[in-house]
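First comes the structure, then the notes that go with it.
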Amino acid sequence: NYYQFGSSTIDTLLMMEILTDFLVEPVSEILRTKEQLGYDIRCEMRPIFGTIGFHIQVIYQIDRHSPNHVDNKIEECLTTMKRKIRLMSKHMFGELVEGLISSKVAEENSLGEEVSR
(Lines give C-alpha, C1' and ligand atoms only; values in the text may rest on other atoms or scores of the structure.)
Protein backbone atom coordinates (compact mmCIF):
# COMPACT_ATOMS: atom_id res chain seq x y z
CA ASN A 1 0.00 0.00 0.00
CA TYR A 2 1.36 3.41 -0.98
CA TYR A 3 0.32 6.61 0.81
CA GLN A 4 1.15 9.92 -0.87
CA PHE A 5 2.14 12.74 1.45
CA GLY A 6 2.73 15.69 -0.88
CA SER A 7 5.34 17.50 -2.92
CA SER A 8 8.91 16.42 -2.30
CA THR A 9 10.48 19.36 -0.47
CA ILE A 10 13.13 19.41 2.26
CA ASP A 11 10.39 19.88 4.88
CA THR A 12 8.20 17.03 3.63
CA LEU A 13 11.21 14.72 3.19
CA LEU A 14 12.23 15.33 6.81
CA MET A 15 8.69 14.86 8.10
CA MET A 16 8.36 11.65 6.10
CA GLU A 17 11.65 10.35 7.51
CA ILE A 18 10.46 11.09 11.04
CA LEU A 19 7.12 9.39 10.32
CA THR A 20 8.65 6.24 8.83
CA ASP A 21 11.21 6.04 11.65
CA PHE A 22 8.27 6.15 14.08
CA LEU A 23 6.21 3.58 12.16
CA VAL A 24 8.78 0.90 11.31
CA GLU A 25 8.84 -1.03 14.60
CA PRO A 26 5.17 -0.84 15.62
CA VAL A 27 3.92 -1.64 12.10
CA SER A 28 6.15 -4.69 12.00
CA GLU A 29 5.10 -5.69 15.51
CA ILE A 30 1.39 -5.40 14.73
CA LEU A 31 1.34 -6.91 11.24
CA ARG A 32 4.01 -9.57 11.67
CA THR A 33 3.75 -10.59 15.31
CA LYS A 34 0.20 -9.82 16.37
CA GLU A 35 -1.66 -10.41 13.09
CA GLN A 36 0.85 -13.00 11.78
CA LEU A 37 0.48 -11.83 8.19
CA GLY A 38 4.02 -12.71 7.11
CA TYR A 39 7.68 -12.42 7.98
CA ASP A 40 8.64 -9.73 5.48
CA ILE A 41 6.96 -6.46 6.50
CA ARG A 42 8.37 -3.19 5.19
CA CYS A 43 7.50 0.40 5.96
CA GLU A 44 9.61 2.77 3.89
CA MET A 45 9.68 6.31 2.60
CA ARG A 46 9.21 6.43 -1.17
CA PRO A 47 9.91 9.56 -3.25
CA ILE A 48 8.35 9.20 -6.71
CA PHE A 49 8.56 11.84 -9.47
CA GLY A 50 8.58 14.91 -7.23
CA THR A 51 6.11 13.60 -4.64
CA ILE A 52 6.84 11.93 -1.35
CA GLY A 53 5.01 9.16 0.40
CA PHE A 54 5.55 5.91 2.20
CA HIS A 55 4.58 2.36 1.54
CA ILE A 56 3.80 -0.64 3.67
CA GLN A 57 4.60 -3.91 1.99
CA VAL A 58 3.57 -7.29 3.35
CA ILE A 59 4.90 -10.44 1.70
CA TYR A 60 2.41 -13.14 2.62
CA GLN A 61 1.24 -16.57 1.56
CA ILE A 62 -1.85 -16.27 -0.61
CA ASP A 63 -3.17 -19.59 0.72
CA ARG A 64 -3.20 -18.17 4.27
CA HIS A 65 -4.61 -14.66 3.70
CA SER A 66 -6.59 -12.91 1.02
CA PRO A 67 -5.37 -9.57 -0.39
CA ASN A 68 -8.46 -7.88 1.12
CA HIS A 69 -7.68 -9.31 4.56
CA VAL A 70 -4.08 -8.05 4.39
CA ASP A 71 -5.21 -4.63 3.13
CA ASN A 72 -7.78 -4.34 5.95
CA LYS A 73 -5.16 -5.22 8.56
CA ILE A 74 -2.77 -2.60 7.15
CA GLU A 75 -5.52 0.04 7.31
CA GLU A 76 -6.45 -0.97 10.89
CA CYS A 77 -2.78 -0.72 11.87
CA LEU A 78 -2.50 2.77 10.37
CA THR A 79 -5.65 3.88 12.19
CA THR A 80 -4.06 2.74 15.45
CA MET A 81 -0.82 4.51 14.61
CA LYS A 82 -2.67 7.71 13.65
CA ARG A 83 -4.17 7.78 17.16
CA LYS A 84 -0.72 7.32 18.70
CA ILE A 85 0.68 10.16 16.61
CA ARG A 86 -2.13 12.50 17.68
CA LEU A 87 -1.42 11.66 21.34
CA MET A 88 2.36 11.99 20.98
CA SER A 89 3.95 14.43 23.40
CA LYS A 90 6.25 17.22 22.26
CA HIS A 91 9.00 15.46 24.19
CA MET A 92 8.50 12.21 22.26
CA PHE A 93 8.46 14.10 18.94
CA GLY A 94 11.67 15.84 19.98
CA GLU A 95 13.27 12.46 20.65
CA LEU A 96 12.32 11.30 17.14
CA VAL A 97 13.86 14.45 15.66
CA GLU A 98 17.04 13.99 17.72
CA GLY A 99 17.25 10.36 16.59
CA LEU A 100 17.02 11.43 12.96
CA ILE A 101 19.69 14.09 13.47
CA SER A 102 21.97 11.54 15.15
CA SER A 103 21.54 9.10 12.28
CA LYS A 104 22.42 11.83 9.75
CA VAL A 105 25.62 12.96 11.48
CA ALA A 106 26.88 9.50 12.47
CA GLU A 107 29.95 8.23 10.65
CA GLU A 108 29.43 5.28 8.36
CA ASN A 109 31.30 2.06 9.06
CA SER A 110 31.46 1.01 5.44
CA LEU A 111 31.08 2.31 1.91
CA GLY A 112 27.75 0.45 1.67
CA GLU A 113 26.35 2.40 4.63
CA GLU A 114 27.54 5.67 3.09
CA VAL A 115 25.93 4.91 -0.26
CA SER A 116 22.60 3.82 1.25
CA ARG A 117 22.21 6.97 3.34
Side-chain angles (χ1 to χ4, degrees):
N1 293 19
Y2 177 76
Y3 304 90
Q4 190 170 321
F5 192 70
S7 296
S8 185
T9 65
I10 295 291
D11 291 343
T12 57
L13 284 168
L14 290 173
M15 290 304 291
M16 188 56 57
E17 280 196 70
I18 292 168
L19 177 65
T20 53
D21 284 354
F22 176 71
L23 292 176
V24 167
E25 284 186 38
V27 164
S28 181
E29 173 70 23
I30 292 168
L31 298 178
R32 188 174 99 177
T33 306
K34 181 181 173 199
E35 298 296 340
Q36 298 185 349
L37 295 180
Y39 286 102
D40 192 0
I41 311 288
R42 297 174 190 211
C43 178
E44 300 171 325
M45 181 174 72
R46 182 66 52 124
I48 299 176
F49 302 113
T51 62
I52 188 70
F54 71 98
H55 79 276
I56 296 177
Q57 180 180 21
V58 178
I59 307 297
Y60 63 96
Q61 294 177 328
I62 193 73
D63 61 336
R64 293 191 66 202
H65 306 290
S66 72
N68 284 339
H69 175 75
V70 173
D71 185 58
N72 288 336
K73 292 301 179 182
I74 291 170
E75 294 301 323
E76 286 175 19
C77 176
L78 287 178
T79 298
T80 298
M81 296 312 299
K82 193 184 298 185
R83 274 188 246 121
K84 288 185 178 190
I85 290 169
R86 284 189 181 128
L87 297 173
M88 182 185 299
S89 68
K90 288 182 180 181
H91 177 74
M92 175 64 174
F93 182 76
E95 287 180 356
L96 290 171
V97 171
E98 289 299 319
L100 178 62
I101 291 169
S102 295
S103 73
K104 296 294 184 191
V105 298
E107 280 193 39
E108 291 82 10
N109 295 319
S110 70
L111 183 58
E113 286 181 8
E114 187 173 342
V115 170
S116 68
R117 183 159 76 138

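Worth knowing before you read on, the calculation uses all heavy atoms, side chains too, and leaves out hydrogens, waters and symmetry mates.
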Close side-chain approach of [X] and [Y], heavy atoms under 4.5 Å:
X: Phe54; Y: Glu44; value: no
X: Pro67; Y: Ile62; value: yes
X: Tyr3; Y: Ile74; value: yes
X: Arg46; Y: Tyr2; value: yes
X: Leu96; Y: Met88; value: yes
X: Ser8; Y: Thr51; value: no
X: Glu76; Y: Thr80; value: no
X: Val58; Y: Arg32; value: no

Exercise for the section: Before accepting this row, confirm whether a basic side-chain N of the pair Glu75/Lys73 lies closer than 4.0 Å to the acidic partner's carboxylate O. Expected result: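 A salt bridge is absent here (no side-chain N lies under 4.0 Å from a carboxylate O).
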Practice task
Working to the nearest 0.5 Å, report the span between CD1 of Ile56 and CE of Met81.
Solution key: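 Spacing of CD1 (Ile56) from CE (Met81) equals 9.0 Å.
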Handout entry: Pairwise distance CD(Gln57) to CG(Leu31) - rounded to 0.5 angstrom
Key =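 Here the interatomic distance stands at 12.0 Å.
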Exercise for the section: Not counting sequence neighbours, which residues clear side chain to side chain donor-acceptor pair (under 3.5 Å) with Thr12? List them please. Expected result: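 Checked Thr12 against side chain to side chain donor-acceptor pair (under 3.5 Å); matches are Thr9.
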Problem - Pairing residues for Asp40 by the side chain to side chain donor-acceptor pair (under 3.5 Å) criterion, not counting sequence neighbours - result: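 Partners of Asp40 under the side chain to side chain donor-acceptor pair (under 3.5 Å) test: Arg42.
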Find out if a path of hydrophobic residues (ILVMFWY) with successive side-chain heavy-atom gaps under 4.5 Å connects [X] to [Y].
X: Phe93; Y: Leu13; value: yes
X: Leu14; Y: Met16; value: yes
X: Val24; Y: Ile41; value: no

Problem - Polar side chain donor-acceptor pair, His65 to Gln61, under 3.5 angstrom - result: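 Short answer, no.
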Handout entry: side-chain contact (heavy atoms from CB on, under 4.5 Å) evaluation trace for Ile85 with Leu19
Key = CA-CA 9 Å; Ile85 290 169; Leu19 177 65; 3.5 Å; yes
Handout entry: Qualifying ring-ring contact (aromatic ring centres under 6.0 Å, His included) pairs, either residue in residues 5-53, two or more places apart
Key =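 For residues 5-53, and leaving out neighbouring residues, there are no ring-ring contact (aromatic ring centres under 6.0 Å, His included) pairs at all.
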